[in-house]
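Below you'll find the structure, written out as structure tokens, and then a few comments.
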Amino acid sequence: MTGAGVVADSLVKTYARGARPVTALAGVDLAVAGGEVVALVGPSGSGKSTLLALLCGWESPDSGVLSYTGPLAGRRPETLGWSELALVPQALGLVADLPLADNVLLPARLRGDAAAAGPRAGDLMAGVGIGHLAGRYPHETSLGEQQRAAVARALLLHPAVLLADEPTAHQDRGHADRLLDALVAAARAGTAVLLATHDEQALDRADRVLAMRDGRLGPRTSP
């Protein structure tokens with residue numbers, strides 16, 4: 001599915017920590033269209049991960065509106081499958097008792113067409129440098145290899161919207177380039193890609209870079 005995007009309108013999110021509430025998002029406006037890569041940069045605790053959690057439906061805003069555009073207009077995140085909304089979380093979320101190939105194929109297995117998706121899974125794994133690890137379990141691989149499997153899993157079904165939290169955090173420069181190549185290729189095929197990152201390599205590959213600080217989002221003013 002292509003041509004879809006995600007829109008945040010005045011999203012506010014606060015958390016209770018002790019006697020004083022902490023504002024994680026303070027009225028965030030954001031639009032990511034199909035076909036573009038948008039990067040969020042900002043210090044730890046600035047609200048990047050909270051924003052992704054709201055955009056994927058893991059959490060609900062205190063106020064503001066989350067919506068999708070194009071073929072996903074009117075849908076709620078909890079109704080979307082992996083071909084519509086895919087996520088690469090910092091925790092990666094691989095299934096410990098499945099080998100990497102089955103982890104990558106999991107979105108297709110959930111909708112009943114794992115066999116048809118097999119060749120694409122193999123191509124994605126080879127493209128990010130883990131094709132030779134197809135039969136290994138997560139605990140038998142490095143954190144960087146697990147992260148590459150999580151990115152391949154997210155890309156498997158050509159998602160309309162892809163959200164990735166620090167997707168190159170555990171990669172050396174060469175493997176980061178391979179992951180970014182795959183994410184940019186997805187965007188050029190129509191996926192709306194939003195990355196939260198500290199990685200200058202990723203920022204250099206993005207179509208737009210936005211900065212978060214103290215729960216507010218704006219243009220990046222300096223490298």
Report yes or no: do [X] and [Y] belong to one cluster of Ile/Leu/Val/Met/Phe/Trp/Tyr joined by side chain heavy-atom distances under 4.5 Å?
| X | Y | result |
| --- | --- | --- |
| Tyr137 | Val128 | no |
| Leu85 | Leu92 | no |
| Leu210 | Leu66 | yes |
| Leu156 | Leu183 | yes |
| Val22 | Val28 | no |

After noting the C-alpha distance and the side-chain angles of Arg205 and Val37, does the key distance pass the side-chain contact (heavy atoms from CB on, under 4.5 Å) rule?
CA-CA 8 Å; Arg205 302 289 294 275; Val37 179; over 6 Å; no
How far apart are the closest heavy atoms of [X] and [Y], and which atoms are they?
| X | Y | result |
| --- | --- | --- |
| Leu157 | Arg111 | CD2-NH2, 3.7 Å |
| Pro99 | Ala134 | CB-O, 3.5 Å |
| Leu40 | Lys48 | O-CD, 3.6 Å |
| Leu54 | Ser60 | CG-C, 4.2 Å |
| Glu84 | Thr79 | OE1-O, 4.1 Å |
| Arg153 | Leu87 | NH2-O, 4.4 Å |

Rounded to the nearest 0.5 Å, how far apart are [atom1] of [X] and [atom2] of [Y]?
| X | Y | atom1 | atom2 | value |
| --- | --- | --- | --- | --- |
| Tyr15 | Leu25 | OH | CG | 7.0 Å |
| Tyr68 | Leu55 | OH | CG | 6.5 Å |
| Ile130 | Met125 | CD1 | CE | 4.0 Å |
| Leu100 | Thr141 | CG | OG1 | 5.0 Å |
| Leu163 | Leu52 | CG | CG | 5.5 Å |
| Asp62 | Thr23 | CG | OG1 | 8.5 Å |

Taking the side chain from His198 and the backbone from Val41, do they hold a donor-acceptor pair closer than 3.5 Å?
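Checking the backbone N and O of Val41 against the side chain of His198, no donor-acceptor pair under 3.5 Å is found.
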So, Asp165 side chain and Gln90 main chain: donor-acceptor pair closer than 3.5 Å or not?
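No.
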Counting C-beta onward and ignoring hydrogens, is there a side-chain heavy-atom pair between [X] and [Y] closer than 4.5 Å?
| X | Y | value |
| --- | --- | --- |
| Asp199 | Glu166 | no |
| Val7 | Thr69 | yes |
| Asp9 | Asp29 | yes |

Yes or no on side-chain contact (heavy atoms from CB on, under 4.5 Å) for Leu133 and Glu140, after CA distance, side-chain angles and deciding distance?
CA-CA 9 Å; Leu133 303 175; Glu140 298 173 322; over 6 Å; no
Sequence neighbours excluded, which residues qualify as salt bridge (charged side-chain N to carboxylate O under 4.0 Å, His left out) partners of Asp204?
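If we apply the salt bridge (charged side-chain N to carboxylate O under 4.0 Å, His left out) test to Asp204, skipping adjacent residues, there are no hits.
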Applying salt bridge (Lys or Arg N to Asp or Glu O under 4.0 Å), run through Arg188 and Asp207 and close with a yes or a no.
CA-CA 11 Å; Arg188 299 302 170 252; Asp207 299 305; 3.0 Å; yes
Can Asp214 and Arg216 be said to form a salt bridge (Lys or Arg N to Asp or Glu O under 4.0 Å), step by step?
CA-CA 6 Å; Asp214 299 327; Arg216 299 182 184 278; over 6 Å; no
Stepwise, does the side-chain contact (heavy atoms from CB on, under 4.5 Å) test hold for Gln201 with Thr168?
CA-CA 9 Å; Gln201 268 182 276; Thr168 60; over 6 Å; no
Give a yes-or-no answer on whether the side chains of Arg148 and Gln171 include a donor-acceptor pair shorter than 3.5 Å.
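Distance-only check passes for Arg148 and Gln171.
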Name the one of Leu124, Val193, Leu179 that satisfies side chain to side chain contact (heavy atoms under 4.5 Å, CB included) with Leu155?
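Looking at Leu124, Val193, Leu179, the match for Leu155 under the side chain to side chain contact (heavy atoms under 4.5 Å, CB included) is Leu124.
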How about CZ on Arg120, more than 12 heavy atoms from neighbouring residues, nucleotides or ligands closer than 6.0 Å, or not?
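More than 12 heavy atoms, drawn from other residues, nucleotides or ligands, come within 6.0 Å of this atom.
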Report the C-alpha distance between Ser142 and His170 in whole Å, list the side-chain angles of each, state the deciding distance to 0.1 Å, and finish with yes or no for side-chain contact (heavy atoms from CB on, under 4.5 Å).
CA-CA 9 Å; Ser142 71; His170 306 293; over 6 Å; no
